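Keep in mind it's a predicted model, so treat the numbers as computed, not measured. Each chain gets a letter, A, B and so on, in the order the sequences are listed, and its residues count up from 1.
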Number of protein chains: 2
Amino acid sequence: MHRLYELAVERSYNTGDIILREEQSADYVFSIRRGYAAMVRLTSDGKRQILAFLFPGDFVGFTSEDNYHYGVSAIAPVNACRFGRAELEALVEKYPVMDRKLRFTLTRAMDASYELLFSLGRKDSLQKVASFIWYVSYRHKKLAQPSNPIHLPMRRSDIADFMGLTIETVSRAFTVLKGMDVIRLRGAYEVEIVDMDRLRSIGVVVAEPAPYERNDPDYYPHKAD
Amino acid sequence: MHRLYELAVERSYNTGDIILREEQSADYVFSIRRGYAAMVRLTSDGKRQILAFLFPGDFVGFTSEDNYHYGVSAIAPVNACRFGRAELEALVEKYPVMDRKLRFTLTRAMDASYELLFSLGRKDSLQKVASFIWYVSYRHKKLAQPSNPIHLPMRRSDIADFMGLTIETVSRAFTVLKGMDVIRLRGAYEVEIVDMDRLRSIGVVVAEPAPYERNDPDYYPHKAD
DNA sequence: CGTAACCTTGAGCGTTTTCAAATATTGTGG
DNA sequence: CCACAATATTTGAAAACGCTCAAGGTTACG
């Protein structure tokens, strides 16, 4: 596993920087080391869908096509490791264990994607936003970050484009949740969850996705700090 | 690869049969040999979301959790091969190539899932239905099945639960597409695509998912008929 | 301290849903 | 093979939810 990071190139990105461009040849895979990024799908008519938020420990760039069908951009300053796909495949050839790990990574991403699919298809705006706040708290918790007064690393427009809403609707949902005394806001990005159970039940959170955990070195293949 | 099917149990299911139950222990993986199935997510309040339609050649049952967070049911008579997860992992241990194949399978499913994510989040009802019809035609084509006058193996309620709509809205979208002379209907399940390009452009079809192809034995690990 | 970017709030509009009824299709038994 | 019952689809009208457009308020940063 340490071998993996020998062929990595470490890179830094500022908020808004493009890590990976849509329609670019799919030659690289990235692992987020620090900061937050988003997988983004754009259309010619200006619509945007965020397919996933990337937290530290997440991988991105695997695709079955020759080109990426999404872009990746930093929504906060990011440190990421870049791996050449060819080198990665060669390494996998030598160390079959790697394959298993990659498969786990993909399966987890898959499960997270199904969660979002359900949210987009069958939740109303309040449920979407409630489950979103719960999701961010949960992911922070798994990374051993503060999970109750949480810091949202993304703006309202990112939340909107993730949940298939508009910024106005997202904002109104926050206001409603405040009025229900489920959350409190300290600025737009600091959320205190007053009633976690109610937040979870409003959000119709069914499954808990299983992202990497900091204290699980096996599933958290990062260089030591 | 032939070894894989030595540990498979072949099973048949009728329309409506449950192949795999939600919250069941994730001990099996299935590959669809014949017929059509759907991955389904249900909520206590009666909402339903179809996460994916399963065509011949598709695998289902991989998850990072201990239990499935979705069910699978046949939407038409199905023949499927059932693999024990433990046996599968053991086989993978012996034949590392298998791992690569499974990883490809997952990556393809992932890409398809991102396509749907985009549809659910950012398309209106007409675009959703147009892209859905295009998708079925495309999948049939890849399986060397008739792809222009196509047979829809799913009912309106399945389409609705896949695209995050109601059956009424789906039905109205079909009517509109008929009125635009983009499609013709011969009964509710036989669709003739009069103008494929227009159908595709209305549906804002960006990426072509890459399902298994019949004439690609490497990616179509089925017993010979 | 001022400006720019972002978030919140309001009002009106439009699309999709809901509820209800009619029509079409499928399957079954005579 | 036909008639009939059951199921599914289509169509219609009204209501609801989220979107658009517009303005006001906050926050962050130079």
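- Atom pair B/L185:CG and C/dA24:C1' shows a separation of 12 Å (rounding to whole Å applied).
- Using modelled atom types, one side-chain atom of B/S137 and one backbone atom of B/S147 make a donor-acceptor pair closer than 3.5 Å.
- Looking at B/P149 and B/R186, their side chains never come closer than 4.5 Å, going by heavy atoms from C-beta outward.
- OP1 or OP2 of D/dA8 has not a single side-chain nitrogen or oxygen of B/R156 nearer than 4.0 Å.
- Between B/L152 atom CG and D/dA8 atom P the separation is 16 Å, expressed in whole Å.
- In this structure, B/E190 places its CD atom 12 Å from C1' of C/dT25, rounding to the nearest Å.
- A/Y135 is listed as a side-chain neighbour of A/F132, based on a closest heavy-atom distance under 4.5 Å.
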Without placing hydrogens or testing angles, list every side-chain donor-acceptor pair under 3.5 Å for residues 166-182 of chain A, not counting sequence neighbours.
from	atom 1	to	atom 2	distance (Å)
A/T166	OG1	A/E168	OE1	3.4
A/T166	OG1	A/T169	N	3.3
A/T166	OG1	A/T169	OG1	3.0
A/T175	OG1	A/S171	O	3.0

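- The closest donor-acceptor contact from the side chain of A/R122 to the backbone of B/L165 lies under 3.5 Å.
- With a 4.5 Å cut-off on side-chain heavy atoms, B/F162 and B/M154 do not count as touching.
- Relative ring orientation between A/F55 and A/H140 is described as perpendicular, the plane-to-plane angle rising above 60° on a 0-90° scale split at 30° and 60°.
- Distance, B/R155 CZ to D/dT7 P: 11 Å, rounded to whole Å.
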TODO: Go along nucleotides 13-22 of chain C 5' to 3' and tag each nucleotide: B for a protein heavy atom under 4.0 Å from its base, S when only backbone or sugar atoms are that close, - otherwise.
DONE: ---SBBB---

Give me, pair by pair, the N or O atoms of the protein and of nucleotides 24-29 of chain D that are less than 3.5 Å apart, along with how far apart they are.
none

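- Atom NZ in B/K178 sits roughly 8 Å away from atom C1' in D/dT10 (whole-Å rounding).
- Spacing between atom CE of B/M154 and atom C1' of D/dT7 amounts to 19 Å, rounded to whole angstrom units.
- Counted by atom type alone, A/H69 and A/E22 present zero donor-acceptor pairs between their side chains at under 3.5 Å.
- For the pair B/D161 CG and D/dA8 P, the interatomic distance rounds to 13 Å; values are reported in whole Å.
- Looking at heavy atoms from C-beta onward, A/S131 lies out of side-chain contact with A/E115 at the 4.5 angstrom threshold.
- Within the nucleic acid shown, B/I159 has no heavy atom closer than 4.0 Å to any nucleic acid atom.
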